[in-house]
Every structure is written in C-alpha cells, then in structure tokens.
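When reading the values below, keep in mind they use all heavy atoms of this one structure, side chains included, and skip hydrogens, waters and symmetry mates. Residue numbering restarts at 1 for every chain, and letters A, B, ... go by the order of the sequence lines.
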There are 2 protein chains.
Amino acid sequence: MTRSLQSELKKRHPFDSLEQEATLAVMRTSDLLENRLARLLRENGLTLTQYNVLRILRGEGKPMPCLEVADRMIQVAPAITRVVDQLLGMGLITKTQSVHDRRVFEIALTPTASPLLRKIDQPLLDLHTNLLAAATKSDLKTLIRILEQVRSGIVDN
Amino acid sequence: MTRSLQSELKKRHPFDSLEQEATLAVMRTSDLLENRLARLLRENGLTLTQYNVLRILRGEGKPMPCLEVADRMIQVAPAITRVVDQLLGMGLITKTQSVHDRRVFEIALTPTASPLLRKIDQPLLDLHTNLLAAATKSDLKTLIRILEQVRSGIVDN
DNA sequence: TGTAAACAAATGATGAGTCAAGTACTCCTT
DNA sequence: AAGGAGTACTTGACTCATCATTTGTTTACA
C-alpha cells in the first residue's frame, strides 16, 4: 500500500523464486521453439496443430478417435473438431463413424498425407537438431527427465 | 512412396531424435504451465500477456518504450500495441509520447496497478512453487541453465 | 537542404484457441 | 424398459495473437 513497501518489492534479482524463474524459462524457450517450427510448417501449408494431429496419427499407424488425439496434444475438444475439419478439407485425413460406438468418429491418414509428411520429415529433423544444437546430448536427456518429472507432478484440472 | 517405406518409418520409439523429444517436452510442459498461470490471472481480470507487461514495468521501475517491453516478452510489435490499449482502458498504465523521440511512446504503471500486482504476488508465487514442486532445487537450477543455453544458441529471426 | 532508408507504433484482416451450450448416442440403474 | 447420467463430439460467439500494410517521425548521406 505504502510507497516504501512498493520499493521493497523491487528486487535486484529479477525473480521472486527459483520456481518462477524456471517457469518463465520454460515458457520463453517454448515460444521460441514454437515460432521456428511454425514457420517451417507454414511453408508446407500446415499449422503446428495440424501437423501434430498428422504426426500422432502416423505414430499410431491406425485410425484413432478424435478425443484420443486431443488427449495426446494439450488441445481441448472443440479445437480438435476444427482442426479435423481443416485436414478433411485438405484431403489429408478421413473421418468415419465407429460401428461399435456411434458417438465416436475415427480419423486416419489418407494416402495423400504420407508423401507430405515424408517431405517435411528431414527439414524438421534438421531444424530440431539446429535449434537444440547448443545443448549436449547429456543435457538434453537431463532436460527431458526433469520436464517429465515436472509434468507428472502437476495434477490435472 | 511405397507401403514398405511407410511402415519402415514407423518406429517403436516414438521420437525420431533426442532433440525432437526435448522440444516436444518443453512445449508440452510450457502449455501445461501456461494454462495454470492463465487460470489464476483470469480470476484477477488479467491475461497472461497483460500481466507480463505489468510485471516487466514493475521490474524496470520506470517508464519504458513499448518495443522494449515487447523485446522482453516474445511478443511481436502489433500484439504489444493492443495489450497496451487494453491496459490503458483498465487504467493500469499510462502512455506518454517521448519528448526526445516522438516516434516512441513510453508506458508506465499507474498507482492503481500496484495494489493489483501485490494482490496477485503471493498466490502466484504459491502456484509457481506448487507447479514445480516435483523437481528439486538443484534440478530447477539445471533446468534453467540448460534452457538458457538452448535459447542463446537460437539465432534470432 | 532534400530525399531516401530505417524505425516506432498503429491498423485491418485473418486465424487459432476457449467457453458455453447443444446434439446424438451409450450405459447404468431400478 | 424407461429414465437419467455420462460420453463424444459439434457449433456459435468471443478473445487473443499474428501477418501485412500504413502512418508518423527520425536519421543518414548525397
């Protein structure tokens, strides 16, 4: 409330806690990485979200329910519906109603999608390598381990 | 092109490279963290971006040009203009044209902003602590170091 | 001096994500 | 065998971020 308290809060060290500094570091780095990836994908007519759906479908290798795809991304349901619509319009996926549960719609890659994905594979791999070139392999493993630990410690909803 | 090549690309290991795995880990973790922070801030009538501008201004302690604020975030210029407009509308900042360079508009916190920021400080600090509670202090330091190294290795634009 | 390049910020159009509500379907209960 | 709860999406309205372009203003240099 008072001016003295206000200036007291102004610290030489820019962060109030190690946790805050780490959070901001993760978010800043992520933004930077996302921008670069998005740029490369845009040159191939895809958004990051669209590509992620395709990547997940390829990884799975068989048709998947929409919401299961959403789960593997951070995406919420309505977003997936729209991405699926876009990819359908591009002819990159098919959507079929499941016979076992007619609430479920399964999506799968079309033959058109495969060459597109393969065309992107190498440049994307190169980009990934370049973006993280400043870190050693061992650091990357450490990074992955710590982040995994962090995520597992965050209870959902 | 052929079906055999396609299935050849399907690996048991879900990631093509350590770098890709690390990138995705950073992005997923960031999304998770952002969601939580955004939720807390929304309860206080702020978006993450708006709060970041206020935080940077408080950290600086004196008026700053818009673009300098943008630089400290990842934000691109047009985004800042709009956030500044929003914060102006809320009465949380002032904007004055610099007398030295009339292209420049400097923004600064109003007295209204300080109590709001202080009100948020403690819950936010607690949230940061909770979100990263699964990692040890030493891991957090390592995390910060590696991410900093990664960011410094990414040439801008 | 005058004119072009560079710069800070604003603007308009577009697109992606989020929330709230709605539809269609399944499963569970009694 | 209803009735109700829950699930898998869908849709519409809205907000926020981004791109491309434009408006002032300053600097550089010819």
Side-chain angles (χ1 to χ4, degrees), chain A residues 27-28 30-32 34-43 45-54 63-90 93-107 157, chain B residues 27-28 30-43 45-54 63-90 93-108 157:
Chain A
M27 289 175 15
R28 276 188 74 99
S30 176
D31 267 359
L32 217 53
E34 272 184 41
N35 280 343
R36 301 317 178 86
L37 295 177
R39 202 178 300 176
L40 171 63
L41 290 172
R42 194 169 53 236
E43 290 165 10
L46 291 175
T47 65
L48 201 54
T49 311
Q50 288 165 358
Y51 175 77
N52 270 331
V53 171
L54 298 178
M64 281 177 83
C66 291
L67 282 195
E68 195 171 327
V69 176
D71 273 350
R72 301 220 194 158
M73 305 166 62
I74 302 291
Q75 296 290 336
V76 77
I80 283 294
T81 300
R82 294 199 163 97
V83 180
V84 164
D85 282 348
Q86 294 161 0
L87 293 171
L88 274 174
M90 298 183 211
I93 62 170
T94 58
K95 183 170 84 168
T96 56
Q97 195 165 22
S98 164
V99 287
H100 304 300
D101 184 339
R102 288 188 315 192
R103 288 170 304 180
V104 173
F105 287 84
E106 298 192 321
I107 57 179
N157 280 12
Chain B
M27 285 171 23
R28 276 188 73 97
S30 176
D31 266 358
L32 219 53
L33 295 172
E34 271 184 41
N35 279 344
R36 302 318 178 86
L37 294 177
R39 199 178 304 176
L40 171 62
L41 290 173
R42 194 168 54 236
E43 291 165 10
L46 292 174
T47 66
L48 200 53
T49 311
Q50 288 165 359
Y51 176 76
N52 269 331
V53 171
L54 298 179
M64 281 178 82
C66 290
L67 281 195
E68 196 172 326
V69 175
D71 274 350
R72 302 224 192 155
M73 305 166 62
I74 302 291
Q75 297 288 338
V76 79
I80 284 293
T81 300
R82 296 205 160 92
V83 181
V84 165
D85 282 348
Q86 294 162 0
L87 293 172
L88 273 174
M90 297 184 212
I93 61 171
T94 57
K95 184 170 83 167
T96 55
Q97 194 166 23
S98 163
V99 287
H100 305 299
D101 184 339
R102 287 188 316 194
R103 290 171 302 182
V104 174
F105 286 84
E106 298 191 320
I107 57 179
N157 278 14

*Asks:* Please collect all side chain to side chain donor-acceptor pair (under 3.5 Å) contacts where either partner lies in residues 65-88 of chain B, sequence neighbours excluded, each pair once.
*Replies:*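 Qualifying pairs, neighbours excluded: Q50(B)-Q86(B), E60(B)-R72(B).
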*Asks:* List in chain and number order the residues that pass side-chain hydrogen bond (donor to acceptor under 3.5 Å, both in side chains) with D31(B), two or more places apart in sequence or in another chain; answer none if no residue qualifies.
*Replies:*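 side-chain hydrogen bond (donor to acceptor under 3.5 Å, both in side chains) list for D31(B), sorted by chain: empty.
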*Asks:* Once side-chain contact (heavy atoms from CB on, under 4.5 Å) is applied, do any residues pair with L37(A), and if so which ones, sequence neighbours excluded?
*Replies:*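 Per chain and number, L37(A) pairs via side-chain contact (heavy atoms from CB on, under 4.5 Å) with L48(A), L124(A), L127(A), H128(A), L131(A), T23(B), M27(B).
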*Asks:* Run the side-chain contact (heavy atoms from CB on, under 4.5 Å) test against A38(B) and tell me which residues pass, sequence neighbours left out.
*Replies:*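 If we apply the side-chain contact (heavy atoms from CB on, under 4.5 Å) test to A38(B), skipping adjacent residues, there are no hits.
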*Asks:* Which pair of heavy atoms, one from V84(A) and one from I93(A), lies closest together, and at what distance?
*Replies:*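 For V84(A) versus I93(A), the nearest heavy atoms are O-CD1, 3.7 Å.
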*Asks:* Name the first nucleotide and the last nucleotide along DNA chain D (5' to 3') that come under 4.0 Å of a heavy atom in chain A.
*Replies:*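 Here the contact window of chain A covers dG6(D) to dC19(D).
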*Asks:* Given axes from five pairs at either end, by how many degrees does the helix from dT1(C)-dA30(D) to dT30(C)-dA1(D) bend, rounded to 10°?
*Replies:*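 Answer for the end axes of this duplex: 10°.
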*Asks:* Within this structure, what is the CG-to-C1' distance between N52(A) and dG17(C), rounded to whole angstrom?
*Replies:*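 Roughly 14 Å, once rounded to whole Å.
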*Asks:* Say you draw a straight line from OG of S30(B) to CG of L32(A); how long is it, rounded to the nearest 0.5 Å?
*Replies:*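 The CG atom of L32(A) is 11.5 Å from OG of S30(B), to the nearest 0.5 Å.
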*Asks:* Using atom CG of L48(B) as one end and atom P of dT18(C) as the other, report the distance to the nearest whole Å.
*Replies:*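 Roughly 13 Å, once rounded to whole Å.
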*Asks:* Using the side chain to side chain donor-acceptor pair (under 3.5 Å) rule, collect all pairs that involve residues 96-108 of chain B, keeping only residues at least two apart or in two chains.
*Replies:*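 Found D101(B)-R103(B).
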*Asks:* So E106(B), base contact, sugar-phosphate only, or nothing? Heavy-atom distance under 4.0 Å.
*Replies:*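 Counting heavy atoms under 4.0 Å across all strands, no contact is made by E106(B).
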*Asks:* Can you find a pair of side-chain heavy atoms, one from T47(A) and one from L41(A), that are under 4.5 Å apart?
*Replies:*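 The answer is no, as the side chains (C-beta and beyond) never meet within the 4.5 Å cut-off.
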*Asks:* For Q50(A) and for D101(B), locate the closest nucleotide of DNA chain C by heavy-atom distance; then report the residue assigned to the nucleotide nearer the 5' terminus.
*Replies:*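 Nearest-nucleotide comparison on DNA chain C picks D101(B).
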*Asks:* Does a side-chain N or O of K95(B) approach OP1 or OP2 of dA8(C) to a distance below 4.0 Å, or not?
*Replies:*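 It does not, given that no N or O in the side chain of K95(B) lies less than 4.0 Å from OP1 or OP2 of dA8(C).
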*Asks:* Is there a side-chain contact between V53(A) and I107(A), using heavy atoms and a 4.5 Å cut-off?
*Replies:*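 Yes; the side chains approach each other to less than 4.5 Å.
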*Asks:* Taking for each residue the nucleotide of DNA chain C with the nearest heavy atom, is it H100(A) or N35(B) whose nucleotide lies nearer the 5' end?
*Replies:*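 Between the two, 5'-proximity favours N35(B).
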*Asks:* Heavy atom of residues 70-85 of chain A under 4.0 Å from DNA chain C: which residues?
*Replies:*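 Residues of residues 70-85 of chain A under 4.0 Å from DNA chain C: Q75(A), V76(A), P78(A), A79(A), R82(A).
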*Asks:* Starting at atom CD of Q86(B), determine the distance to atom P of dT11(C), rounded to an integer number of angstrom.
*Replies:*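 Value for this atom pair: 14 Å.
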*Asks:* Would you please name every residue forming a side-chain contact (heavy atoms from CB on, under 4.5 Å) with L67(A), sequence neighbours left out?
*Replies:*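 Listed in chain order: A70(A), A77(A).
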*Asks:* For L46(B) and L54(B), which heavy atoms make the closest approach, and how far apart are they?
*Replies:*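 Shortest heavy-atom separation between L46(B) and L54(B) comes out as CD1-CD1, 4.0 Å.
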*Asks:* Output the rounded distance in Å from CG (L46(A)) to P (dA16(C)).
*Replies:*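 So the two atoms are 11 Å apart, to the nearest Å.
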*Asks:* Side chains of L87(A) and K95(A): does their closest heavy-atom pair fall under 4.5 Å?
*Replies:*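 A side-chain contact under 4.5 Å is absent here.
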*Asks:* Write out a two-atom table: protein N or O, nucleotide N or O from nucleotides 1-7 of chain C, distance below 3.5 Å.
*Replies:*
residue	atom	partner	partner atom	Å
dC7(C)	O2	R103(B)	NH1	3.3

